[in-house]
Amino acid sequence: MTDVTSDAAATRLRRSPLHERHTAAGAKFAPFGGWEMPLEYAGGGVLKEHTAVRTAVGVFDVSHLGKARVSGPGAADFVNACLSNDLGRIGPGRAQYTLCCDDATGGVVDDIIAYLYADDHVFLIPNAANTAEVVRRLRAAAPESVTVTDEHEAYAVLAVQGPRSADLLGALGLPTEHGYMSFSAASLDGVELTVCRTGYTGELGYELVVPAEHAVAVWDALNAFGEAFGLRACGLAARDTLRTEMGYPLHGQDLSLDITPVQARSGWAVGWDKPAFWGRDALLAEKAAGPRRTLRGLVAVDRAIPRPGMTLHVGDERVGEVTSGTFSPTRKQGIALALLNTDANLTDGDEVEIDIRGRRAPLTLQKPPFVNPSVK
């Protein structure tokens, strides 16, 4: 990622409603999914931002994430017949991780959080770059009774994450007692918002879905109360190191149109017993035959830092490729997710070698997460 502050207009990147607040805080910006978003902030950097989330509380502006609403009679049943997970497993007021798969190949168009309000109302949060395509596919399949609305820029999303996140939100009078993967309507100084018990860091945390025109007021309130709880503004670089420590996949790297849920070991997000969802036949066939490659976790034995695209070897045999790799601030060592060939017959504890510009370095297979989760 590179600083694109000077040429954002030329590349027509979208901006968060909090852009001026980020600029004032000394943010370094980077393009992400068609948006110009904070990568890290002055006076801290990735390591301090990462540590704040693991030990206190951090706030991320993730307003680049998509927002789409599916409404009308039968909306929930329609979404359930399209996306992979089974909405029948949850009730109103709950959220669910799910996948939008290509019907022909089973490849992943996007991974999404679905918020079930009622039988006739589902709110979706896809990834920024894929929102238009998810909306296009849903609209093309929707019956006349169901409306699919792209609300990408209508809302901001603020992720408040870390062991003191509930303390901070509680001090603002916001609800914090609802269970993991659930959501609650709330009000902050007259601003109506939704408090979701979700996040992408592996820590106790919440995501606030706020009307875009009120994002600055909510951001300011969080920061005004946050100092007492160790709050630090965090950018997307820390979000990436945090999610990689948890083994959470990133679309475009660990999931894609070329990487199916079976290969990514995301079958837990597939309602295999449902009569219909996009990609069902292809995924059932791949599951029965066994995938040719699977997503695995790796930790560096020495000081090597794996990066996406680096190849993995056992002796002279190439056995896979890194999809996500970084330095873990918590473990103080390199960690990675990688697609490994199943015919290599590798198991946790086995050692492979990574090619770093012609130099080989050892890594050990280890099942993620790489740190103990604290989401609940």
Side-chain angles (χ1 to χ4, degrees), residues 65-127 129-151 181-183 198 200 248-295 339:
L65 293 176
K67 304 95 188 171
R69 197 177 304 275
V70 185
S71 57
D77 287 340
F78 164 67
V79 170
N80 204 32
C82 297
L83 305 186
S84 68
N85 215 334
D86 188 354
L87 277 178
R89 295 172 179 168
I90 65 173
R94 298 293 306 279
Q96 184 181 73
Y97 179 82
T98 189
L99 305 167
C100 175
C101 295
D102 182 76
D103 198 32
T105 68
V108 181
V109 177
D110 202 14
D111 57 340
I112 298 168
I113 301 292
Y115 296 86
L116 179 61
Y117 280 82
D119 292 342
D120 61 355
H121 183 189
V122 182
F123 190 70
L124 304 175
I125 296 191
N127 286 292
N130 303 321
T131 300
E133 179 62 12
V134 169
V135 168
R136 185 193 70 79
R137 291 182 182 234
L138 288 169
R139 280 178 176 166
E144 290 186 3
S145 63
V146 172
T147 300
V148 182
T149 308
D150 187 338
E151 300 185 357
M181 296 299 286
S182 66
F183 60 96
T198 49
Y200 200 53
Y248 292 159
L250 178 66
H251 190 274
Q253 293 182 198
D254 314 297
L255 293 166
S256 73
L257 279 170
D258 296 322
I259 305 172
T260 69
V262 178
Q263 295 169 25
R265 305 177 89 177
S266 297
W268 59 270
V270 177
W272 295 107
D273 295 331
K274 292 198 304 180
F277 59 89
W278 290 338
R280 182 177 184 270
D281 292 345
L283 292 174
L284 284 171
E286 184 181 33
K287 182 184 179 187
R292 62 185 175 86
R293 57 186 185 171
T294 55
L295 195 69
L339 281 170

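Numbering starts at 1 and runs along the sequence shown.
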*Does some side-chain heavy atom of Thr260 sit less than 4.5 Å from a side-chain heavy atom of Leu283?*
yes

*Please walk me through it: do Tyr200 and Leu65 pass side-chain contact (heavy atoms from CB on, under 4.5 Å)?*
CA-CA 12 Å; Tyr200 200 53; Leu65 293 176; over 6 Å; no

_Heavy-atom closest contact (Lys274 atom, Asn85 atom, distance)_ = NZ-O, 2.8 Å

*Step by step, work out the side chain to side chain donor-acceptor pair (under 3.5 Å) result for Thr198 and Tyr115.*
CA-CA 11 Å; Thr198 49; Tyr115 296 86; 3.3 Å; yes

*Look at the side chain of Asp103 and the backbone N and O of Gly279, then say whether any donor-acceptor pair between them is shorter than 3.5 Å.*
yes

_Passing option when Thr98 is tested against Leu83, Val270, Asp111, Asp86 for side chain to side chain contact (heavy atoms under 4.5 Å, CB included)_ = Leu83

*asked:* Quick check on side chain to side chain contact (heavy atoms under 4.5 Å, CB included): which of Thr149, Thr147, Val146 does Val70 satisfy it with?
replied: Val146

*Value rounded to 0.5 Å, distance of SG in Cys82 from CG in Asp77*: 11.0 Å

*When you measure from the side chain of Trp278 to the backbone N and O of Ala104, does any donor-acceptor pair fall under 3.5 Å?*
no

*Going by heavy atoms in the side chains, are Val148 and Arg69 under 4.5 Å from each other?*
no

_Minimum-distance pair of heavy atoms, taken over all atoms of Arg94 and Met181_ = NE-O, 3.0 Å

_Are Leu257 and Val108 packed together at the side-chain level, in the sense that at least one heavy-atom pair is separated by less than 4.5 angstrom?_
no

*Take Arg280 and Trp272, measure what side-chain contact (heavy atoms from CB on, under 4.5 Å) needs, and give me the verdict at the end.*
CA-CA 8 Å; Arg280 182 177 184 270; Trp272 295 107; over 6 Å; no

*How long is the span from the CD atom in Gln96 to the OG atom in Ser84, to the nearest 0.5 Å?*
8.0 Å

_Non-hydrogen side-chain atoms of Ile259 and Gln253 separated by less than 4.5 Å_ = no

*Between Phe123 and Phe183, does the ring centroid distance fall short of 6.0 Å?*
no

_Beyond-backbone contact of Glu286 with Gln263, side-chain heavy atoms, under 4.5 angstrom_ = yes

*Could you grab the distance from atom CG of Leu339 to atom CG of Leu295, nearest 0.5 Å is fine?*
5.5 Å

_Heavy-atom side-chain contact between Phe277 and Cys101 under 4.5 Å_ = no

*Heavy-atom closest pair, residues Leu124 and Ala114*: CD2-CB, 3.6 Å

_Check: Ile112 main-chain N/O paired with His251 side-chain donor or acceptor under 3.5 Å_ = no

*asked:* Keeping Asn80 on the side-chain end and Leu87 on the backbone end, is there a donor-acceptor pair under 3.5 Å?
replied: yes

*Of the non-hydrogen atoms in Asp150 and Arg139, which two are nearest, and what is the gap between them?*
N-NH2, 3.6 Å

_Reported CD1-to-CG distance for the pair Ile90 and Leu116, which is rounded to 0.5 angstrom_ = 5.0 Å

*Spell out, as yes or no, whether a donor-acceptor pair under 3.5 Å connects the side chain of Ser266 to the backbone of Ala269.*
no

*With the side chain counted from C-beta on, respond yes when Asn127 and Thr131 share a heavy-atom pair under 4.5 Å apart, and no when they do not.*
no

*Shortest non-hydrogen contact from Asp254 to Tyr248?*
OD2-O, 4.3 Å

*Please answer whether the main-chain N or O of Thr105 pairs with a side-chain N or O of Asp102 as donor and acceptor at a distance below 3.5 Å.*
yes

_Please find the pair of heavy atoms, one from Pro126 and one from Val134, that lie closest to each other, and give the distance._
CB-CG2, 4.4 Å

